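Each chain gets a letter, A, B and so on, in the order its sequence line appears, and its residues count up from 1. This is a predicted model, so every value here is computed, not measured. Computed from heavy atoms alone, side chains included, the values below leave out hydrogens, waters and symmetry copies.
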There are 2 protein chains.
Amino acid sequence: MAVTAAERGRDVRRRLLTAAAELIPEVGWNSVSTRLLAQRAGVAPGLVHYHFPSLAVLLREAAVGVMREVVLATAPGLATAETVDAGLDLMLASLDAYTGTDPTSLLFIETYLAATRDENLRTELAGLVEEFRDALRSWLAEHGQDDHHQVAAVLAAAIDGVMLHRALHPELTSPAVFPVLRRMLAPGTANR
Amino acid sequence: MAVTAAERGRDVRRRLLTAAAELIPEVGWNSVSTRLLAQRAGVAPGLVHYHFPSLAVLLREAAVGVMREVVLATAPGLATAETVDAGLDLMLASLDAYTGTDPTSLLFIETYLAATRDENLRTELAGLVEEFRDALRSWLAEHGQDDHHQVAAVLAAAIDGVMLHRALHPELTSPAVFPVLRRMLAPGTANR
DNA sequence: ATTCGCCTTGGGCGAATGACCAATATGTAG
DNA sequence: CTACATATTGGTCATTCGCCCAAGGCGAAT
């Protein structure tokens, strides 16, 4: 039993963050209460305000943490893409995993919205979008895109827009999106 | 005083809808309470549940009403655009009015999110997006776009995505977006 | 064995919520 | 004038909320 109190504490903190990441998509950002959170994490209600100064801080850390993981998971694949087509294909393929109604998609939408009412969250989210744009920029520059700055910004926005619309019209999948978005990019080596 | 009770009733109903359209962006969909709504509309709290079966129904009717007005306001201009560039320019110009943090943008984002948790709202919203796509489709077809179905869907999504990202990065305005989105469309007559 | 520090418990506070309702007002119809 | 329908009032109900806290638990250090 080498588990110290501090280690158990860190575990509870992590469980609370995990529970938040689950509950935000399930019931919505504003309906994640301290009691619901504690129940899902399997801890006493009072622990929420022991490990976190407020519910808002907890939710922020949980949401941004998950989103950062998702974004960073896509970046390395882009960097090693041989052609523009391969890179775009890869991105849209991973986007297909997000149907607009799955937990991850909902977490994204919920967080975007919550950011409109939380200055700190908005700043963190802006930084995350900037990281994603950076990954897109270097990938595009690698393949001779001249206005990669603008293209990266629009492409990042378009991808989030597709995710948003996919919740309403599920048929908006990568085969339908690819040829249109492809035209935004430099000709590259081949046209699918 | 020819104002009948029924007329006053209809006026109260309308005032409640207007108040809802104001408050949803101000405080957020889930924080629009019956009392706050009644206060803004200048009526007694009990009237909310007299004119509407539930708060959810009121919010739905108010939000979709405003969104439909916004969408339908853009459509006729598109139909009379002489060139592809003129049409896209027009759309992006009207999009510039929505900074991502203004009431209308927030209403859109709030409603998209609320739709993920409200079956009826999702259906109404899907229909609205379909109307917007239709306007885009006929505009594109008019100018020789062959895959106007797919382009309209992606363009509609991209526009919403730009609005979403603009809340985080305000510099994503029409001059930056135009040249990139322009490439998604058929060559048309001129390149800006 | 005692002290120390971190973690945990469960309950309680005031405030706000959606929905509901009996009572009242006000205009129309018989 | 009397009945009636609709609109309105102001308050009550049970429930839930975020946050707080006194008290207890427990391994580590002395």
Separation of [X] atom [atom1] from [N] atom [atom2], in whole Å?
| X | N | atom1 | atom2 | result |
| --- | --- | --- | --- | --- |
| H51(B) | dA7(D) | NE2 | C1' | 7 Å |
| F52(A) | dC7(C) | CZ | P | 12 Å |
| L55(B) | dA19(C) | CG | P | 6 Å |
| R14(A) | dC7(C) | CZ | C1' | 15 Å |
| D11(A) | dG27(D) | CG | P | 16 Å |
| L36(A) | dC17(D) | CG | P | 7 Å |
| L16(A) | dC19(D) | CG | P | 14 Å |
| Q39(B) | dT17(C) | CD | C1' | 15 Å |

For every nucleotide of nucleotides 10-15 of chain D, 5' to 3': is a protein heavy atom under 4.0 Å from its base (B), only from its sugar-phosphate (S), or from neither (-)?
B-B---
Is R68(B) paired with E61(B) through a side-chain N to carboxylate O contact shorter than 4.0 Å?
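No, E61(B) and R68(B) are not salt-bridged.
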Sequence neighbours excluded, which residues qualify as side-chain hydrogen bond (donor to acceptor under 3.5 Å, both in side chains) partners of Q145(A)?
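Expected list: D147(A).
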Can you sort out the partners of R40(B) under side-chain hydrogen bond (donor to acceptor under 3.5 Å, both in side chains), two or more places apart, ordered by chain and number?
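So R40(B) forms a side-chain hydrogen bond (donor to acceptor under 3.5 Å, both in side chains) with E22(B), E26(B).
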Could you work out which one of dT8(D), dT8(C), dC17(D) sits closest to the side chain of S33(A)?
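Closest nucleotide among those given: dC17(D).
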Nearest to the side chain of H49(A), heavy atoms from C-beta on, is which of dC19(D), dG18(C), dT8(C)?
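The answer is dC19(D), which lies nearest to the side chain.
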Are side-chain N/O atoms of D96(B) and S174(B) paired as donor and acceptor at under 3.5 Å?
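A pair is found: one side chain offers a donor N or O, the other an acceptor, under 3.5 Å apart.
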Can you find a side-chain donor-acceptor pair between D102(A) and S105(A) that sits under 3.5 Å?
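Yes - a donor-acceptor pair under 3.5 Å links their side chains.
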For dC7(C), does OP1 or OP2 lie under 4.0 Å from any side-chain N or O of Y50(A)?
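For Y50(A), the contact criterion (side-chain N or O under 4.0 Å from OP1 or OP2 of dC7(C)) is met.
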Ignoring hydrogens, what is the shortest heavy-atom contact between V70(B) and Y98(B)? Give both atom names and the distance.
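Closest pair (atom of V70(B), atom of Y98(B), distance): CG1-OH, 3.4 Å.
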For the pair D11(A) and R15(A), evaluate salt bridge (Lys or Arg N to Asp or Glu O under 4.0 Å) and give the outcome as yes or no after the intermediate values.
CA-CA 6 Å; D11(A) 182 57; R15(A) 289 228 302 281; 2.7 Å; yes
Identify whether any heavy atom of V48(A) sits under 4.0 Å from a base atom; if not, whether one sits that close to sugar-phosphate; answer base, sugar-phosphate or nothing.
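Since no nucleic acid heavy atom lies under 4.0 Å of V48(A), the category is nothing.
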